[in-house]
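A note on names: the letters A, B, ... follow the listed sequences, proteins ahead of strands, and every chain is numbered from 1.
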Amino acid sequence: MERIYVANVNNLPEKLGKSVKVRNYDIALFKLSTGVIHAIENSCPHKGGVLSQGIISGKHVYCPMHNWKICTEEGKAQKPDEGCVKTFEVEIKDEKVYVCL
Amino acid sequence: MKKKKLVLVGNGMAGVRCIEEILKIDSDGFEITIFGREPYPNYNRILLSTVLQGDTSIDDITINELEWYEQHNIQLYTGETVVEIDKERKQVYTDKDRQIEYDELILATGSLPFMLPLPGADKEGVTAFRDIQDCQTMIESAQQYRKAVVIGGGLLGLEAARGLLNLGMEVDVVHICEHLMERQLDPTASKMLQKELEAQGMNFLLNKQTEEIFGSRRVEGLLFKDGSKIEADLVVMAVGIRPNVQLAKNNGIQVNRGIVVNDYMQTDCPNIYAVGECAEHREIVYGLVAPLYEQGKILAEKVCGVESKKYEGSVVSTQLKVSGVDVFSAGDFLDNHDTNSIKVYDDFEGIYKKVVFRDDKVAGAVLFGDIGEGPKLLNMINDRTDISNLSKVAILQDHSGGESSKSAALEMVNSEVICGCNGVTKGEICGAIVENGLTTVDQVKDNTNASRSCGGCKPLVQDLLEYTLGDEFDQSEIKEAVCGCTTLSREEVIEEIKSKNLKFVKEIMNVLGWKNEEGCSKCRPALNYYLGMLYPSDYEDEQESRFVNDRLHANIQKDGTYSVVPRMYGGVTNVTDLRKIADVAEKYDVPMIKLTGGQRIDLLGIKKEDLPKVWADLDMPSGYAYGKALRTVKTCVGSQFCRFGTQDSTQLGIDLEKKFERLNTPHKVKMSVSACPRNCAESGIKDVGIVGVDGGFEIYVGGNGGTHLRAGDLLCTVKKEKEVIETTAAFLQYYRETATYLERTSKWIERIGLENIREVLFDEENKKQLVARIEEALAHTKDPWEEIVKNQEIQEKLFRNLETQTSVRA
Ligand code: SRM
Ligand SMILES: Cc1cc2nc3c(=O)[nH]c(=O)nc-3n(C[C@H](O)[C@H](O)[C@H](O)COP(=O)(O)OP(=O)(O)OC[C@H]3O[C@@H](n4cnc5c(N)ncnc54)[C@H](O)[C@@H]3O)c2cc1C
Ligand code: SF4
Ligand code: FES
């Protein structure tokens, strides 16, 4: 497994997404109100909307394109929609955020 | 006054429903006698299929208990057949030698199952599928015997076959045609159905004609015309029904296929009516309860002498009641030389949908696998909805995949029918739920009749219950809760914000007990707007609660790039601005430069990270093409150049745009100014549209050129530009304060009424205060682009993407 440094915890705004290109992946990072950070593929299972720009509520993000609700932890689209995005493990060490590939 | 004597022959679904309708109109006007050949009170014949399939017991399908008859002083004779009618004396005679007089006589004798006149059809073990007795015969046979054959691959035959499978029998279905349910399905759907039922364990013998039923005392098998044979311990004939007209025919009442009736269900004999499956109306005999119930209602009005509507026939839809198989069919579903159709065929999911159109109307439909759109389509057929303005494909796409697998019921409008059998609309159901505090489907059934017959709409009723009551059975729909996170309406939330002096989105959700702690994409932007509207000077807009466009001040495109539309006040530009736009377009390699419908220029395809730079280079104010705010003020050339111009529309447009730009509103606001009634700036379809006339201006409001086209209403006529601006200001502020977030003026006006708006605006004192409040709000607006260009922190937070640096192997 490979760990890639993407940001400092303090540089991630709370309840707003950030996108980062890692290898071939476009990844959306979310720092939730609890401080927990999740990383998922930045492409909505519906029509590829940029999830990093969605409205975040709890651990879910609403896609800005057509409002699908996606779980940032498991990558699953919430009912009644179906689909899922890739999730990435996040590691934090010394205030540094790493995405694991 | 002496009560009229009313006699009903036939204690079945149509007749008794008609009596219920009569009691509703006049509970005391008749002395009622009912004769029924079967030894039971009125029961739900439709549910015999479910009884056979084991989902319901015979005891559960009674519609009217004996107490009901008693309660309404109805004399019921069960197990008694009426055998003669004496029209002269106005009396009926029964097989038990009873003799009863009538003033009004209703025949509701239903139909008889059609039994093929085959040799051996009278053997033991051969039955129809029509009544409780038949059902019992089948249930008993299944306990002793193994092999069942159903003759007839129609609706009834298949429901019987499914029931027999559930009873543990092996089942062959013999059908004379190549396709099952050919009267309701096209060949494609029919084949899918066959495949599905085969998977459930049915065996089909298609294109087979029975020659003989053989056996000694009891049936042992079938012989076909082609010489082949099969074994059978039980034969169910489900090949059709025939209106039961013998009684009428024997007594000189006009009969064709059924008992002939006019639009008021009257036969050719005075005071004798027919209703239900035995009646023939405009040459049609119906075999489903929905039309029969409609007939019953009209007949009830006639019998009670209240001015009544005519019965004009019905379009029927059918659903197959076999679990695991969803089939819907209605209207003319076969392609014809004068029809067009749309088909969706998904072999993976086993979904097939076909909608047939004739002359821009939906003529018929067949749905297989996903029948959610059934009620909607049936409504469109019945209402003869003109679909020339709708995208035909969208008629189906509404529910396929996506946001749309939501229950179809939720997207229906209140006037649409949910329960086809009983003609109950969504509005009636939701209304009853809220008004009577209903919480179960059964209560809804008792209250509204919805789902009282075939039960096919139960899932929809359930959806409406959940929807109307919210997760915890509370009232959201009728009151229009802000969103699913709360039961409070917009008005209640605003009241609470004011009285509790709440200042943050999060605080509101907390204090008012939101179900989702952090809200959803519907309430968060709405609350953010309400706070901004209530506290114009000190509310700090909350970025995280804004939809991406309003957060980034640019419009997101499908590929994640953005569009930039700078202000071009009144649609007027100049060389400097044009040059700047051209330079920016070149520098950032803008893929498309487009003139918008709002008289300005759109730069499309700009990367998020570039937005602040683009704005800096443009150095023009934001056109708010993304915002819930004033968009454009469209103008015509007006008196400066045009030979018809009565006013300087261009200048007034510019003034309006400068005055109200940047103002947050519940939804976007578009304006325009034309200088004469030729209306080249389309002032009739704007939120605020001004039309210059000689000596003044007409102000139109609530127009909309978008999804729901609406012509604006003339609010008033004023003399001076200053008054235009002042009236517009008061109007906008009243809209800001009373509209629901995302409610365009067109919808808002229809909700609160033009007269109401006039009353408020034309009260001088009120108007002054509205204007003062909008001035305060305007005073606190800033150009967002300029602000962002100057603010590195916001740029960092909102616009910059992260960059990867080192990678560490682990
Ligand atoms: C650019 C433009 C089309 C064009 O190329 O001309 C446009 C583009 C969009 N319109 Fe529009 N509308 C444009 C003029 C219109 C007009 C005509 C007009 O304003 O004269 C209408 C009908 C008039 C009206 O609104 O009453 C119009 C009715 C809509 C609607 C339906 C609104 C409604 O309440 O019915 C939407 C959807 C919405 O806002 O929810 C919409 C939404 C959109 C969005 C924002 C879709 C979206 O959410 O991404 C499109 C953004 C594309 C982009 O980034 O540029 N657009 N849109 C026009 C921009 C005008 C401008 O300069 O600001
Ligand atoms: C198994 C099955 C499933 C069905 N599924 C559906 C469905 O899903 N949806 C749907 O809309 N419809 C369905 N139907 C059809 C529906 O049940 C009938 O359309 C409806 O019952 C007809 O009502 P009716 O009052 O006209 O006739 P009936 O309900 O048949 O009532 C007539 C009554 O009159 C009695 N009678 C007749 N002559 C005399 C006489 N001379 N004196 C006294 N009594 C007499 C009969 O015994 C009978 O009880 C189904 C029918 C069956 C059998
Ligand atoms: S009409 Fe408007 S919303 Fe629809 S595609 Fe065109 S620009 Fe987009
Ligand atoms: S692309 Fe995400 S909801 Fe459509």
>> Can you tell me if Lys503(B) has over 12 outside heavy atoms packed within less than 6.0 Å of its NZ?
In response: yes
> If every non-hydrogen atom of Lys797(B) is compared with every non-hydrogen atom of Lys18(A), which pair is closest and at what distance?
Replying inline: O-NZ, 3.1 Å
> For chain B, which residues from residues 9-17 of chain A lie under 4.5 Å away (heavy-atom distances)?
Replying inline: Leu12(A), Pro13(A), Glu14(A), Lys15(A), Leu16(A)
> Can you tell me if OH on Tyr539(B) sees more than 12 non-hydrogen neighbours from other groups inside 6.0 Å?
Replying inline: yes
> What pair of heavy atoms forms the shortest contact from Tyr62(A) to Ser521(B), and how long is it?
Replying inline: CD2-OG, 3.1 Å
> Within a reach of under 6.0 Å around CZ of Phe799(B), are more than 12 heavy atoms found that belong to other residues, nucleotides or ligands?
Replying inline: yes
> So which residues of residues 48-58 of chain A are in contact with chain B at a heavy-atom cut-off of under 4.5 Å?
Replying inline: Val50(A), Gln53(A), Gly54(A), Ile55(A), Ile56(A), Ser57(A), Gly58(A)
>> Given heavy-atom pairs under 4.5 angstrom as the criterion, report whether the side chain, backbone, both or neither of Arg551(B) touches chain A.
In response: side chain
> With sequence neighbours excluded, what pairs up with His553(B) under the ring-ring contact (aromatic ring centres under 6.0 Å, His included) test?
Replying inline: Tyr626(B)
> Residues in salt bridge (charged side-chain N to carboxylate O under 4.0 Å, His left out) with Lys69(A), at least two apart?
Replying inline: none
> If you measure from CG on Asn516(B) to NE2 on His60(A), what distance do you get to the nearest 0.5 Å?
Replying inline: 9.0 Å
> Can you check side chain to side chain contact (heavy atoms under 4.5 Å, CB included) on Ile556(B) and Met65(A), steps first, answer last?
Replying inline: CA-CA 8 Å; Ile556(B) 194 163; Met65(A) 289 290 142; 3.7 Å; yes
> Leu101(A) versus chain B, heavy atoms under 4.5 Å apart: side chain, backbone, both or neither?
Replying inline: neither
